[in-house]
Structures are given as C-alpha cells and as structure tokens.
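Read the structure below first, then the notes.
All values reported here derive from a predicted model rather than from experimental measurement. Side chains are part of it too, since the values below use all heavy atoms of this structure and drop only hydrogens, waters and symmetry mates. We name chains A, B, ... by the order of the sequence lines, and we start the count at 1 in each one.
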Amino acid sequence: MKFSNSLIPTLRDIPANAEIASHILLLRGGFIRQLGSGLYTWLPLGVRVLQKVERIVRDELNKKDAQEVLMPFVQPGELWKESQRWEIMGPDLLRMQDRHENDYCLSPTHEEVITDLFRKNVKSYRQLPLNLYQIATKFRDEIRPRFGVLRSREFIMKDGYSFHLNEDSLHKTYIAMHEAYSAIFTRLALDFRSVEAHGGVIGDEENREFHVLADTGEDAIAYSAASSYAANLEKAEAVAPRETAPASETLTKVSTPNVRTINGLVECLDVPIERTVKTLIVQGEDSPIGLVLRGDHELHEIKAASLPNVLSPLTFTKESDVRHHVGCNVGSIGPVQLQIPYYVDRSAAVLSDFVCGANEDDFHLTGVNWNRDESLRNSAVQDLRKVVEGDPAPDGSGPLSILRGIEVGHIFKLGKKYSHTMNATVLDEQGESVNVLMGCYGLGITRLAAAVIEQKHDDVGPLWPIEIAPAQVHLVALNVSQSSAVAGAANQVYEQLTTQGIEVLYDDRNERPGVKFADADLIGIPYRITIGERGLKHDAIEYQHQREVKIELPLDQVVSTVLRDLN
RNA sequence: CGGGACGUGGCGCAGUUUGGUAGCGCACAUGACUGGGGGUCAUGUGGUCGCCGGUUCAAAUCCGGCCGUCCCGACCA
C-alpha cells in the first residue's frame with residue numbers, strides 16, 4: 001500500500017466536534033469521516049482496522065463451531081409485531097413504510113429474523129444445538145449519539161444466536177461464547193472485564209457484559225480485586241457494611257428551620273452524613289411509596305423500579321402530592337410514623353441513633369432506631385442504592401473498587417422469550433413439540449475499534465495492537481524524490497516485505513520528513529522503518545516499535561528482523 | 001425531551017456588540033529555494049457567510065421562522 005495513491009486525509013488541527021481520544025484520533029488519522037449525527041464513513045485505513053477486528057471475531061467464533069449468516073438490514077414490521085417489540089421498542093426503532101404502505105424498520109438487532117429463520121428451517125431436536133452469527137450493520141436511533149463511533153446510530157455489530165433443546169446445552173454454548181469473547185479481547189491485548197449486567201430490552205435472564213476499561217467509558221464497573229466478582233453499577237448488589245450498634249440516644253424532635261437537603265441537615269445539626277437518612281417518594285401502584293436511604297447514598301433507579309408495587313419506570317411523586325400524602329415538604333420526610341408504605345435500604349437499615357425527617361416542615365428527628373422505635377420495627381428492607389467505592393463485595397471477598405468501562409460485548413441467555421412469542425419449536429425425542437431455548441451474543445465491531453484507541457493511545461496518535469493495526473509496518477522513505485539511493489533501498493524493502501506477506505504502508509510521497517513522521521504518528525502502525533540518506537551512508541536503517549527507542553539495522557537485515565518480530 | 005453553545009472556502013478560526021463591497025492560518029495549484037519532526041518566499045484557485053422570510057438605500061451582522069451539529073442533563077430532596 002503506497003501512501004501516494006491512498007486516501008489518507010490526516011488532519012493537523014483537532015476537529016471542532018470531537019472531544020475524546022478515539023474520536024479525535026480516528027478523524028485526525030484519516031480513519032473515519034462524519035456524514036451526519038451518529039453516521040460515519042470508514043475510510044481505507046479504518047476499513048482495514050474493521051476487517052481485522054472482524055477477522056479475529058470470525059476466527060474465535062468459528063473455533064466454537066458457530067456459523068456465519070447474513071440477514072437483511074431492513075426488516076418487516078410484521079415480525080416485530082409478532083414478538084410485541086414493535087410496541088415495546090419506542091423511538092430507538094426507526095420505522096418506515098414501503099410503496100405499499102407496509103411497515104418496515106431498520107434493524108437494531110435480529111432476534112426476530114433469526115427466530116423466524118429457525119422456525120421455518122429447523123424441525124428436529126437432532127439439528128440442535130445450533131449457533132449462528134452475522135457481522136452486519138445495525139441502526140438504533142439513539143437519544144444522543146456521541147463520542148464519534150463509540151455511540152453512533154448506525155454501526156457494525158457481530159450478533160449471534162444459539163438454539164437448544166435444554167438448559168444444559170444452552171449453558172455450554174453460553175460458556176463457549178464467554179470463552180470466545182475473552183479470547184478475542186485477549187488477542188487485542190485489552191484490559192477488559194466480564195461483568196454482571198442488566199439485560200434491558202433483549203431479555204433479563206443470565207447475562208454478562210464485556211467492558212474495555214477506560215476513563216471515558218459510559219458505564220461504571222464495580223469489581224473486587226480479591227476475586228473475580230465484577231458487575232455493572234446498574235446491577236451491582238449493595239450489601240450492608242456492618243451490624244447494628246445498640247441504641248444509646250433517645251428519640252428527639254429538633255427544629256431545623258429551612259433545612260431541605262441532606263447537606264443542609266448535616267450543617268444544621270452537625271451530624272455525620274452517614275448517620276442521616278433521607279426518604280424519597282415515588283409513584284406506586286396504589287399509593288406513593290417511600291424509599292429510605294442513608295443520606296450519603298444514591299438511589300439505584302433500576303433496583304427501585306423493580307420493587308413490588310413500585311411503578312416502572314420509576315417516577316418521583318410531585319411535591320404537591322407529597323405534601324398531600326405525607327404532610328410536609330420533601331426535605332422533612334422520614335420513616336417514623338410515615339403514612340404511606342416504604343422500603344428501607346439495607347445500609348440505612350443497620351443504622352442506629354440516626355437522623356431523619358419528622359414529617360413536619362422544619363423538623364427532624366434525632367436518635368432514631370429501627371428496632372427500638374415502635375413504628376419502624378417491621379420495615380421492609382431492600383437493596384435500593386448504588387454501590388460506592390469501598391463497599392463490601394457481595395461475594396465477601398473484600399472491598400469493591402469502581403472503574404469506568406466501555407461495553408463492547410454482551411452475552412445473554414434468552415430462554416424461551418422469543419421461541420415462545422414467535423412459536424419456534426422442534427420435536428423432541430418423544431415426538432413432542434417443544435419451544436427451543438435461545439442465547440444471544442452481541443459484540444460491537446465499530447465500537448471495539450474505538451475502544452481500543454481509548455485504551456491504547458498517546459498524545460500524538462493511536463497505538464494499535466498488531467492484530468488490528470491498519471498495516472504491520474510503516475515504511476517511511478525520506479526525501480525519496482531527491483535521493484535515488486533512498487528510493488532504491490526503500491523500494492527494495494517494500495518489495496521484499498510485501499512478497500513475504502507483510503502489510504506495509506509505504507510513505508513514498510514527496511513530502512518533508514516532518515510531515516511524514518507526524519502522519520506516521522497519527523496513523524499508529526506498530527512497526528516503523530525509516531530510510532534516509534543520512535543513515536544510508538553508513539548502512540543504517542532506523543527501526544522502531546511504537547514509541548519505543550529506535551534501533552539501527554544494516555539494510556540487509558531489515559526484512560529478516562521484521563519477519564522475526566512479526567512471528 | 002429540557003438546558004447551553006455553535007453554523008463564515010477542504011480543516012481550524014476572526015469579523016456579528018456599533019449594518020457599508022468577506023478576512024486570517026493551514027490545506028490546495030504553479031515556480032524557486034529547502035531537505036531528519038507539519039520549512040521559506042512569490043504568484044494563484046476556491047466562499048450565494050446553514051436555509052427561508054422580514055426590516056433597510058444597504059444584512060455574515062438586526063428581527064422572525066426553520067434546519068443542522070456538538071456539549072450537559074434526563075430524577076436524588
């Protein structure tokens with residue numbers, strides 16, 4: 001690949017609309033261009049990266065006997081109505097009609113199509129298990145596309161689906177996919193975690209997310225350094241830190257004029273925030289419901305919304321209604337004598353001598369105790385809060401740490417969710433018709449390419465892992481148009497490496513050295529060979545791996561050294 | 001959807017407050033010089049100032065509407 005006849009539009013300036021490393025560097029290195037919000041064109045170097053990511057993914061999946069298919073990007077609305085997701089999906093699903101006014105959508109995922117394919121073509125348990133995948137374009141009309149290709153609307157995803165007669169078979173494939181994903185990310189030399197997660201609209205049986213750790217990640221990951229426990233914060237279980245201390249204070253009503261917030265309460269009464277309790281009021285099925293948390297803890301909406309009688313999605317009760325039901329403003333609510341049902345978070349439930357609202361404007365209670373104080377004894381305790389750094393891990397292995405991660409893969413057991421609604425059955429050994437069990441395995445190809453940069457870059461450019469670099473070697477020939485010696489040597493190295501099957505980006509342009517070096521940095525190919533007249537005079541060719549120290553090699557050893565390093 | 005910002009040659013920006021013939025840097029073309037970290041000089045090419053409407057003798061600039069892009073948020077008392 002010669003630079004002089006390639007489209008590699010590197011940028012000197014930082015593009016105005018890009019903020020994070022992967023977005024900036026993919027633009028500046030000439031890998032992508034934006035077409036519209038959440039829509040990107042992949043340029044030649046970018047396509048090479050994607051193809052290599054895909055190659056690794058195919059390789060690892062094929063090892064596990066998954067088979068590749070390719071399904072349509074445009075799908076009939078009928079199928080989505082059948083699975084009932086036409087109604088459930090909301091505006092993320094981009095819908096349209098054809099000339100006959102039939103409903104269609106751009107596929108955000110392919111459960112419906114694959115299930116339809118399966119039910120029309122597989123009839124016997126003898127054909128199971130079956131594991132099919134594709135690498136294809138998806139469209140999701142995201143609320144807010146951002147961070148370039150990290151959260152775009154149109155993107156490339158590997159999505160796989162498996163079919164099974166029984167749970168045991170499903171589990172085997174689920175584990176096999178877990179292994180395949182781990183192998184893929186390991187080959188990319190990524191620092192990643194597989195974590196417990198929420199299933200979302202796909203399904204909420206057993207599932208696992210794969211995250212590339214990076215500060216710019218949109219998700220928070222709680223993990224235990226002492227064990228393999230790791231969970232997305234949206235799933236992570238919060239366990240109570242310690243046993244209840246005995247009550248020592250007496251219940252006292254204190255005046256707290258104009259105190260409406262926990263911070264105000266802490267200041268007013270000079271109590272530690274860990275000994276305060278706040279009560280949030282959300283809409284329930286019959287009446288509003290109180291959620292009681294320690295003052296310094298944050299409500300976990302997903303946990304709260306899944307509680308019995310609590311409305312999902314979680315909706316906070318309007319302040320005027322709070323006064324109607326509780327008799328005070330939202331800053332003075334507390335569990336003592338609360339006139340509506342409430343749940344207490346585990347960590348709030350182990351407090352003693354704590355402070356809470358008195359359900360009367362401008363008053364709070366101090367010295368409150370769950371077990372001693374009559375109206376509190378039968379409080380319902382639930383996990384309501386987000387975990388924080390230092391919380392005990394649910395597996396008892398020690399304190400939790402929190403890191404940020406980019407979700408690049410997600411594997412699910414779907415069970416019979418789709419086989420049931422879409423009537424996908426096989427005949428079992430007894431000749432009985434049974435719904436198959438399914439699994440579903442997603443992996444973001446375009447996102448993964450960006451996530452790699454988020455984790456592997458420096459000030460001047462990406463540091464691509466060799467497996468997905470746009471080329472293996474960047475050959476920089478300095479002043480080629482002036483020096484026939486340089487041109488001769490560079491051409492020779494280029495020919496020899498190419499003949500050996502090495503991918504070389506050969507910068508044969510008539511550009512100044514500074515331009516070539518800057519572009520090489522922006523492109524980020526791992527091995528760089530620099531040939532200039534100065535070194536050539538004493539038979540010295542520069543050779544450098546990423547940003548490490550350059551070494552000098554005689555011309556006749558360059559090719560063999562590269563071959564050695566690449567194998 | 002709520003809040004904020006922005007939209008001026010390919011890219012990055014100034015000009016808008018106070019209306020008066022559209023500018024800078026980079027890139028691009030040609031030539032000369034230069035030749036190991038985005039070089040210098042000279043001469044050039046390229047823009048209906050996002051779109052539509054209004055005010056005005058005159059609009060990038062003022063007013064109204066629309067479109068687009070980015071950022072923050074999408075609840076925590």
Between atom [atom1] in [X] and atom [atom2] in [N], what is the gap in whole Å?
X      : N     : atom1 : atom2 : value
A:I14  : B:G38 : CD1   : P     : 17 Å
A:F517 : B:G39 : CZ    : C1'   : 15 Å
A:L27  : B:U69 : CG    : C1'   : 13 Å
A:R153 : B:G68 : CZ    : C1'   : 11 Å
A:I8   : B:G10 : CD1   : P     : 22 Å
A:L150 : B:C70 : CG    : P     : 14 Å
A:H474 : B:G37 : NE2   : C1'   : 13 Å
A:E511 : B:A27 : CD    : C1'   : 11 Å

Please determine, for [N], whether a Watson-Crick or G-U wobble partner exists with both distances under 3.5 Å, and give it or none.
N     : value
B:G20 : B:C57
B:A77 : none
B:A29 : B:U43
B:C70 : B:G4

Nearest-Å distance once atom [atom1] is located in both [N] and [M]:
N     : M     : atom1 : result
B:U48 : B:U21 : C1'   : 15 Å
B:A22 : B:G46 : P     : 15 Å
B:U45 : B:G10 : C1'   : 13 Å
B:U17 : B:C66 : P     : 23 Å
B:G12 : B:C51 : C1'   : 24 Å
B:A14 : B:C24 : P     : 16 Å
B:U69 : B:A27 : P     : 30 Å
B:G2  : B:G65 : P     : 15 Å

For [N], does either OP1 or OP2 sit under 4.0 Å from a side-chain N or O belonging to [X]?
X      : N     : value
A:S37  : B:C70 : yes
A:R12  : B:G12 : no
A:R512 : B:G37 : no

Note to self: The test is side chain to side chain donor-acceptor pair (under 3.5 Å); show your working for A:D508 and A:Y494 and say whether it passes.
What the structure shows: CA-CA 10 Å; A:D508 58 336; A:Y494 178 63; over 6 Å; no
Nearest listed nucleotide, side chain of [X], among [options]:
X      : options             : value
A:L280 : B:A77, B:C72, B:C28 : B:A77
A:R528 : B:G37, B:A77, B:G38 : B:G37
A:F316 : B:C71, B:U69, B:A77 : B:A77

Notebook entry, point to check: Any side-chain heavy-atom pair from A:R509 and A:D519 closer than 4.5 angstrom?
Noted result: yes
Margin query: Side chains of A:H364 and A:S332, heavy atoms from C-beta outward: is any pair under 4.5 Å?
Written below: yes
Next item on the list: Considering only NZ, NE, NH1 and NH2 on the basic side and carboxylate oxygens on the acidic side, decide whether A:D345 and A:K278 come within less than 4.0 Å.
Entry: no
Check: Hey, are A:E209 and A:K235 close enough for a salt bridge, meaning a charged N less than 4.0 Å from a carboxylate O?
Finding: no
Check: Between A:Y40 and A:H23, what is the ring plane arrangement, given parallel below 30°, perpendicular above 60°, and tilted in between?
Finding: perpendicular
Distance-only criterion, 3.5 Å: show the donor-acceptor pairs between side-chain atoms of residues 257-273 of chain A and protein atoms not counting sequence neighbours.
residue, atom, partner, partner atom, Å
A:R260, NH2, A:E319, OE2, 2.7
A:T261, OG1, A:G264, N, 3.0

Check: For RNA chain B, whose closest nucleotide is more 5', that of A:L314 or that of A:N479?
Finding: A:N479
Next item on the list: Between A:H300 and A:L478, just flag the one whose closest nucleotide in RNA chain B comes earlier from the 5' side.
Entry: A:L478
Next item on the list: Tell me what A:R146 touches on the nucleic acid: a base, only sugar-phosphate, or nothing, going by heavy atoms under 4.0 Å.
Entry: sugar-phosphate
